[in-house]
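Following: one structure in structure tokens, then a few remarks.
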Amino acid sequence: MTSSTIKILVVDDEPPIRKLLRVGLGTEGYTILEAGSGREAIELLAQTRPDLILLDLGLPDIQGHDLLAKWRNELFDLPILILSSRTDEAGIVKALELGADDYVTKPFGTKELVARIRVALRHRLQQQGERALFQTGELSVDLVKRIVRVAGKEVKLSPKEYDILRILVQHAGKVLTHQHLLNQVWSGSTDVQYLRVYVRQLRQKIEQTPDMPHYIMTETGVGYRLREADEVPPPRATDAIL
């Protein structure tokens with residue numbers, strides 16, 4: 001699948017945002033479909049099947065979360081990325097728990113958005129089978145042999161540290177909420193502070209500079225993301241902002 005064959009449905013009630021996305025993503029070769037409301041989006045989806053949806057949570061007619069829940073039930077394998085304000089942490093967490101693949105906050109850079117789109121599309125293709133060997137930078141994780149290496153040297157992890165890393169690897173590039181990780185590792189029966197402690201310990205073992213992590217990225221107020229090999233860092237001031 002190449003970018004020239006990929007159709008993206010943009011659901012946002014702000015015409016300037018839709019125009020910026022149409023121009024910015026169009027230059028990357030994507031075909032853009034637009035809907036200014038939830039009802040328009042539903043009608044469009046009845047006529048065509050995009051490869052990915054960019055969904056703004058603040059629509060005028062239908063709650064973005066309600067649309068997300070509906071589409072996740074009906075279009076379970078379709079990547080859905082959320083467009084949200086930086087201050088709506090609760091809305092982002094709820095969207096991820098409802099099944100959103102990822103999110104970007106306004107304003108966002110072109111490079112960042114394109115990277116998130118590529119990761120979401122690739123992740124959906126990989127869901128049929130778990131990658132046996134994951135590598136990003138100098139970090140490699142063999143999920144069959146349960147061996148973790150950094151720069152070729154084996155790193156010993158505790159069972160909980162490995163469980164956290166394994167789950168992040170399985171969803172590399174995607175934001176996992178605190179609650180999702182707690183449910184997977186502790187069956188939800190512990191406090192988020194335990195998760196933070198173990199993530200800090202894990203970073204001490206796999207990051208060159210734990211206080212400035214390269215692999216396990218913190219999504220403030222939301223959760224954590226394991227950076228894919230081809231993901232770009234957060235946009236600099238010189239990046240185009242959409």
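Using a 4.5 Å cut-off on side-chain heavy atoms (C-beta onward), L133 and V141 make no contact. Contact annotation: the side chain of Q184 never approaches that of D163 to less than 4.5 Å [non-hydrogen atoms, C-beta and beyond]. Within the 4.5 Å cutoff, the side chain of L33 has no heavy atoms near those of the I8 side chain. The shortest distance between side-chain heavy atoms of E219 and V175 falls below 4.5 Å. Side-chain contact check for L25 versus I117: some heavy-atom pair is nearer than 4.5 Å. Looking at L98 and K94, their side chains come closer than 4.5 Å, going by heavy atoms from C-beta outward. The side-chain heavy atoms of L182 and D191, taken from C-beta on, include no pair separated by under 4.5 Å. Within the 4.5 Å cutoff, the side chain of Y103 has no heavy atoms near those of the L57 side chain.
Salt bridge annotation for K106-D56: present, with a cationic side-chain nitrogen under 4.0 angstrom from a carboxylate oxygen. With salt bridges taken as basic N to acidic carboxylate O contacts below 4.0 Å, one links D102 and R116.
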Side-chain donor-acceptor contacts of residues 36-48 below 3.5 Å, not counting sequence neighbours, with atom names and distances?
residue: S37; atom: OG; partner: E40; partner atom: N; Å: 3.2
residue: R39; atom: NH1; partner: D61; partner atom: OD2; Å: 3.3
residue: E40; atom: OE1; partner: G36; partner atom: N; Å: 3.0
residue: T48; atom: OG1; partner: K7; partner atom: NZ; Å: 2.8

For a side-chain contact (heavy atoms from CB on, under 4.5 Å) check, start with the C-alpha distance between I147 and V155, then their side-chain angles and the critical distance, and finish with the verdict.
CA-CA 8 Å; I147 295 174; V155 178; over 6 Å; no
Test E74 against K70 for salt bridge (Lys or Arg N to Asp or Glu O under 4.0 Å), laying out the working first.
CA-CA 6 Å; E74 297 173 356; K70 169 183 170 63; 2.9 Å; yes
Please walk me through it: do V114 and E28 pass side-chain contact (heavy atoms from CB on, under 4.5 Å)?
CA-CA 8 Å; V114 169; E28 296 290 331; 3.7 Å; yes
Starting from the C-alpha separation in whole Å, work towards a yes-or-no answer on side-chain contact (heavy atoms from CB on, under 4.5 Å) for L202 and Y162.
CA-CA 8 Å; L202 182 55; Y162 179 80; over 6 Å; no
Determine whether E161 and Q201 satisfy the following criterion, side-chain hydrogen bond (donor to acceptor under 3.5 Å, both in side chains), listing intermediate values before the conclusion.
CA-CA 8 Å; E161 291 166 354; Q201 293 173 181; 3.1 Å; yes
Using the rule given for side-chain contact (heavy atoms from CB on, under 4.5 Å), can you reason through R196 versus V192, listing the C-alpha separation, both sets of side-chain angles and the distance that settles it, and then say yes or no?
CA-CA 6 Å; R196 294 192 177 106; V192 71; 3.3 Å; yes
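Residue pairs that meet the ring pair (Phe, Tyr, Trp, His ring centres under 6.0 Å) test with at least one member in residues 176-195, sequence neighbours left out, are H171-H180, H178-Y224, W186-Y198.
Across L68 and A95, no two heavy atoms sit closer than the pair CD2-O, 3.2 Å. The minimum heavy-atom distance between V93 and G221, with the atom names listed, is CG2-O, 3.7 Å. In plain terms, the two heavy atoms of V119 and A172 that are nearest each other are CG1-O, 3.8 Å. Minimum heavy-atom separation, L78 to L52: CD1-N, 3.9 Å. D101 and L96 get closest at one heavy-atom pair: C-CD2, 4.4 Å. Across K205 and K156, no two heavy atoms sit closer than the pair NZ-O, 3.2 Å.
Separation of atoms CG (L9) and CD1 (I53) is listed at 5.0 Å; rounding is to 0.5 Å. Atom CG of L165 sits about 10.0 Å away from atom CD of Q170, to the nearest 0.5 Å. If you take CG on L113 and CG on L54, they are separated by 6.0 Å, rounding to the nearest 0.5 Å. The structure places CG of D51 at 6.0 Å from CD1 of I6, a figure rounded to the nearest 0.5 Å. The distance from the CG atom of L157 to the CD1 atom of I206 is 7.5 Å, given to the nearest 0.5 Å. To the nearest 0.5 Å, atom NE2 of residue H214 and atom OG1 of residue T209 are 11.0 Å apart.
The number of heavy-atom neighbours closer than 6.0 Å to CD of Q208, taken from other residues, nucleotides and ligands shown, is 12 or below.
A search for side-chain hydrogen bond (donor to acceptor under 3.5 Å, both in side chains) contacts involving K19 returns nothing, not counting sequence neighbours.
Between L226 and the options L168, I167, I164, a side chain to side chain contact (heavy atoms under 4.5 Å, CB included) holds for only L168. When the options R227, R203, E207, R225 are evaluated for a side chain to side chain contact (heavy atoms under 4.5 Å, CB included) with Y215, the one that passes is E207.
Under a 3.5 Å cut-off, the side chain of D88 and the backbone N or O of S84 do not form any donor-acceptor pair.
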